[in-house]
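Single-structure report; data block below.
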Amino acid sequence: MSALRHLYGPIIDNNPITLQILGICSALAVTTSLTTSAVMSLALITVLVMSSLVISTIRRHIPSAIRLIVQITIIASLVIVADQIIQAFAFDISQRLSIFVGLIVTNCLVLGRAEAFAMQNPPGPAVLDALGNGLGYSLILLIVGFIRELLGAGTLFGLTVFPSVYDGGWFTPLNLMLLAPSAFFILGLLIWAIRALRPAQIEPSDYKIAIDPNRRAP
Amino acid sequence: MTTGIWQRNMVSWMLVVALLPVAAALWIEQDGAALLRFGVALVTILIWQAVFLIARAQPLSPIAVVTAFAVALLASGITEAWQIVLAVSFGTVVGEQIFGGWGRNFIHAGVVALAFLYFAFPEVAHQGTGIWVAISVLPGAALLLLTGILSGRVMIGAVVGLVVVTLVMGADPGAPFLQGSLVFGMVFLVADPVCSASTRGGRWLYGGLAGALIALLGWADVGIAAPQAVVFAALLAAIFAPLIDAGIIAATTKQWREHNA
């Protein structure tokens, strides 16, 4: 059972985006619609699981002086394959994701799991840990993508849910939701909500507000 | 400010008093539409203040009136109540309440709400207000200057920055001061006592930056009559204010060390 902790631990309790604040760049960029969020999530899960498996399998053969180069080579090879597959079978989505599938190479999440977990653990737990982190990342991406597409365009997966005023409906799309700052706001509010429910995630404050013991004012 | 009469609520009441002539001028220029926006915004803010009073014991603040009035004056194109409710909720919660209430925020809640409105509903056209509002801001500004709530350094810095950049861009330097929304924004949003810089040198720099940004955004982008220029200038300048203060403090302490050595 303890092996399964690697799988469900990162989904909420140790979520890569909301707790470790990793992989923010792509989370902001690709979440304008649910379709791109889902494809990006699938690509990341595939790359993360495969790279953790490969790196964990050969972990005793990687010289520690050049381990980062070896890890990046493995991750980059897998990313290129993933990118080519998306281009071959879903070209228009590949166009909308633009550079962000390629940028999985530099996603802190992938290298972070390789360096922090796969290098020290056997392939079984490494794959579970990678899958858990990938699912945690995907969960946040899908939530943000859901909110942004629904409120920004009134659609989900491109299908109309709220008919917008431009098509004769009643819904006024919030243009702000299609801009990157809205993803920041949604992520921030999401982190707030998660930490309100799980106070163990709250970090100790850097500075304490001093209150004067003789204070009489309201 | 924990003793005497100059407590937190007193400062915000003074800001409310300074608004009264502007409210009269706005009533003359726009009648009831502005009053409706003001009412919707005020009720929304008070509800959120009550929520945070219950949830986090943050005291209610009369600053709600100032925020609501800024939204009523500068979002003149908004006709639907839900848009104001949404934007003002966002502004007051994300811009003010999550930092611990008014006095601990680093950007003006009204500026956040207005920026939200301008970005979320870009197709709505907002028109600025006229000369009467510009004149009516002056008595309030004088009162705030005399009581020390409004910093003269920020105001002079802003005027200088605005005039210099306007001249550089080859426009009429008197024109901005006839725009009611611009003058109102300079006094109540840019020179807000909480969000503006608070060191002596920092206030000059902050004011100059805000004034220059107003002129730059006004003349080069949305037009000097549009309220967007002053709101976005206030937003950008307020984000830089802590950095300006930190820089001035670092430079000052460095100077001390050199003297002592």
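In this text, all values refer to a predicted model and were calculated from it rather than measured experimentally. Chain A is the first sequence line, chain B the second, and so forth, proteins listed ahead of strands; every chain is numbered from 1.
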- Query: Would you find more than 12 non-hydrogen atoms of other residues, nucleotides or ligands less than 6.0 Å from R56(B) atom CZ?
  - Reply: yes
- Item | Heavy-atom proximity to chain B below 4.5 Å, by part of P181(A) | neither
- Query: Is the CZ atom of F99(B) crowded by more than 12 outside heavy atoms at less than 6.0 Å?
  - Reply: yes
- Would E123(B) and T172(A) count as a side chain to side chain contact (heavy atoms under 4.5 Å, CB included) if you check the C-alpha gap in whole Å, the side-chain angles of each, and the deciding distance to 0.1 Å? CA-CA 11 Å; E123(B) 69 279 358; T172(A) 312; 4.1 Å; yes
- Note on the structure: Rounded to the nearest 0.5 angstrom, the CG-CZ distance for L189(A) and F90(B) is 7.5 Å
- Answer yes or no: are there more than 12 heavy-atom neighbours, outside Q87(A) itself, under 6.0 Å from its atom CD? yes
- Heavy-atom contact with chain B under 4.5 Å, split by part of L174(A): both
- Does CD1 belonging to I99(A) count more than 12 external heavy atoms closer than 6.0 Å? no
- Message: Tell me which of these, P122(B), G100(B), P59(B), has more heavy-atom pairs under 4.5 Å with chain A than the rest.
- Response: P122(B)
- Query: Would you find more than 12 non-hydrogen atoms of other residues, nucleotides or ligands less than 6.0 Å from M50(A) atom CE?
  - Reply: no
- Query: Should N175(A) and F121(B) be marked as a side chain to side chain contact (heavy atoms under 4.5 Å, CB included) after you check the CA-CA gap, both sets of side-chain angles, and the distance that decides it?
  - Reply: CA-CA 6 Å; N175(A) 199 49; F121(B) 310 106; over 6 Å; no
